[in-house]
Every structure is written in structure tokens, then in C-alpha cells.
K.L.:
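So that we are looking at the same thing, I have put the structure below in C-alpha cells.
Keep in mind that the numbers below use all heavy atoms, side chains included, and drop hydrogens, waters and symmetry copies. The structure presented is a predicted model; accordingly, all values stated were derived computationally and were not measured.
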Amino acid sequence: MGFEWPWQYNFPPFYTLQPNVDTRQKQLSAWSSLVLSYCRHNKLYAMNVMEIQESPLFNNKKIQRKLSLESVQVVLEELRKKGNLEWLDKNKTRFLIMWRRPDEWGKVIYQWVSKNGMTNSVFTLYELMNGDDTEGEEFHGLDEAMLLRSLEALQMEHKAEIITLNDSRGVKFF
């Protein structure tokens, strides 16, 4: 199923950040919602600012409108303030988008572990991200950095322990 764009996506003024404070706040909220929905639909996690600016998300070729790089930065900063984005470098060129926060992912993963009677089991990170057992689960294909943060959240709740197995990492669930 294709991604459903909101009505604003085909509205040319949406691509110019508005000067009025109230209007701008509503616009940033709409952009934030769009970014999170788009990333969730396409299972996007770690991204590059330049690539995303050229992607369909900020570049509507149908109406020939594109959000400026400066405006993209404003939208991304808004997402950071809300806790949905984390910069991966000091120059703010790469970021981790969190359409679901690590603790929320941890809950989803732990529900799967419990539902399938796999507490007291050890998994490699690869098995959780790409294994046959997780095929069809929402966290299948999850970015490794996000998976690790999710498991760290579970570790804080004493529901899991991250372990190192030779050169790779794994996790034991309790």
C-alpha cells in the first residue's frame, strides 16, 4: 500500500515557513507529523539531511515545490525538541529519526518475547533485526542503533541484559 500524503503536501504555501507565530507552529506540527508518518511507513531510521531534502518527503515534484534546506533544519530541530530525533554528528548532517521511542520499541520487543514464551532466551541482535522468527513483526528490520537503545531501556527495567558474544552482541531476556 502506498503512502497517503496529507492535503497540505499539495498546497504550495506549505513549503514556505510562515512568519506568523501561530500559523508557523501549526505548520511545524503538520511537518513533524508528516515526517514521522512517512518514516514509519517507509521504515526509515538513520538519515542524511541532504538526501532527505531531495526525497519526496520535502520535494513535491508534482507541484514543483521543495522545502529549503534551512526550513528542513527547522523542522528537524522541532522533532528533536519533541524527542523524536537525535543528531548522529556534531555538524548535524546525519540523524536518527524516532517515530517510536526506544522505550516504546523495547515494550514491543518484550511483548513479542513474552507472547512466544522466549523469556530466558538469548538472541543475537541480527536474529532480532533480521531473523526468520521476527519476520512480520513490527521491529523486524529495525536499525541496529535503535535496537540497542531499545534493549538498553529494557535492561534498565531488568527485563533484559545486553551481552557480548565473540565479536557480536546479543541479549538475554528475563
K.L.:
Does E144 have more than 12 heavy atoms from other residues, nucleotides or ligands lying within 6.0 Å of its CD?
P.N.:
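Atom CD in E144 is not packed in, count stays at 12 or less.
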K.L.:
Quick check on D132: does its CG atom have over 12 non-hydrogen neighbours (other residues, nucleotides or ligands) under 6.0 Å away?
P.N.:
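At most 12 heavy atoms, drawn from other residues, nucleotides or ligands, come within 6.0 Å of this atom.
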K.L.:
Looking only at atom types and distance, does a side-chain atom of T134 sit under 3.5 Å from a main-chain N or O of G131, one as donor and one as acceptor?
P.N.:
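It does hold such a pair.
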K.L.:
When rounded to the nearest 0.5 angstrom, what distance separates CG in N60 from CD in Q8?
P.N.:
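One finds 12.0 Å between CG of N60 and CD of Q8.
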K.L.:
Measure the spacing between NZ of K159 and NZ of K107 and express it to the nearest 0.5 Å.
P.N.:
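The NZ atom of K107 is 7.5 Å from NZ of K159, to the nearest 0.5 Å.
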K.L.:
Tell me if the NZ atom of K82 is crowded by more than 12 foreign heavy atoms within 6.0 Å.
P.N.:
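Buried by this count: over 12 neighbours within 6.0 Å.
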K.L.:
Can you check whether W99 and Y45 have ring centres sitting under 6.0 Å from each other?
P.N.:
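Yes, the ring centres sit under 6.0 Å apart.
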K.L.:
For a 4.5 angstrom cut-off between non-hydrogen side-chain atoms, does N84 reach S32?
P.N.:
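Of all side-chain heavy-atom pairs linking S32 with N84, none is under 4.5 Å.
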K.L.:
About how many Å separate NZ of K43 and NE2 of H41, when rounded to the nearest 0.5 Å?
P.N.:
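The NZ atom of K43 is 11.5 Å from NE2 of H41, to the nearest 0.5 Å.
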K.L.:
With distance as the sole test, does Q155 use its side chain to make a donor-acceptor pair with the main-chain N or O of I162 at under 3.5 Å?
P.N.:
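It does hold such a pair.
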K.L.:
Establish, yes or no, whether a centroid distance under 6.0 Å links the rings of Y9 and F14.
P.N.:
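Centroid separation for Y9 and F14: 6.0 Å or greater.
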K.L.:
Spell out, as yes or no, whether a donor-acceptor pair under 3.5 Å connects the side chain of K92 to the backbone of Q73.
P.N.:
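Checked: no pair found.
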K.L.:
Does the side chain of L147 come within less than 4.5 Å of F139's, by heavy atoms?
P.N.:
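No, their side chains stay 4.5 Å or more apart.
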K.L.:
Would you check if M50 and T93 make a side-chain contact, meaning some heavy-atom pair closer than 4.5 Å?
P.N.:
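When only atoms from C-beta onward are counted, T93 and M50 do not touch, as no gap falls below 4.5 Å.
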K.L.:
Would you say S114's side chain and Y110's backbone share a donor-acceptor pair under 3.5 angstrom?
P.N.:
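Indeed, once roles are kept as given, a pair shorter than 3.5 Å links the two residues.
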K.L.:
Going by an N to O cut-off under 4.0 Å, is there a salt bridge joining E152 and R149?
P.N.:
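Here E152 does not pair with R149 in a salt bridge, since their nearest N and O are not under 4.0 Å apart.
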K.L.:
For the side chain of N48 and the backbone of R94, is there at least one donor-acceptor N/O pair under 3.5 Å apart?
P.N.:
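No.
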K.L.:
If you look only at pairs with a residue in residues 133-142, which of them pass as a salt bridge (Lys or Arg N to Asp or Glu O under 4.0 Å), with sequence neighbours excluded?
P.N.:
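Listed by first then second residue: R40-E138, R100-E138.
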K.L.:
For residues 13-24, which residue pairs pass the salt bridge (Lys or Arg N to Asp or Glu O under 4.0 Å) check, not counting sequence neighbours?
P.N.:
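Residue pairs passing salt bridge (Lys or Arg N to Asp or Glu O under 4.0 Å), neighbours aside: none found.
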K.L.:
Does N116 use its side chain to pair, donor to acceptor, with the backbone of M118 at less than 3.5 Å?
P.N.:
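Answer holds: no.
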K.L.:
Counting only pairs under 3.5 Å, give me each side-chain donor-acceptor contact of residues 166-174, with atom names and distances, residues two or more places apart or in other chains.
P.N.:
{"residue": "S168", "atom": "OG", "partner": "L165", "partner atom": "O", "Å": "3.3"}

K.L.:
Any side-chain heavy atom of W31 sitting closer than 4.5 Å to one from L36?
P.N.:
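Not touching, per the 4.5 Å side-chain cut-off.
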K.L.:
Does F123 have its ring centroid less than 6.0 Å away from the ring centroid of W112?
P.N.:
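Centroid distance F123-W112: below 6.0 Å, so yes.
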K.L.:
What I'd like to find out is whether the side chain of L85 reaches to under 4.5 Å of the side chain of L96, using heavy atoms alone.
P.N.:
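Contact flag for L85/L96 side chains = no.
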K.L.:
Under the 3.5 angstrom rule, does the side chain of Q18 hit a backbone N or O of T16 as a donor-acceptor pair?
P.N.:
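Confirmed, Q18 side chain pairs with T16 backbone.
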K.L.:
Quick check on Y126: does its OH atom have over 12 non-hydrogen neighbours (other residues, nucleotides or ligands) under 6.0 Å away?
P.N.:
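Atom OH in Y126 is not packed in, count stays at 12 or less.
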K.L.:
Roughly how far, to the nearest 0.5 Å, is the CG atom of L151 from the CG atom of L128?
P.N.:
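Reported to 0.5 Å precision, the distance equals 6.5 Å.
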K.L.:
For S29 and Q25, indicate whether the former's side chain and the latter's backbone hold a donor-acceptor pair under 3.5 Å.
P.N.:
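Here the side-chain-to-backbone pair does not exist.
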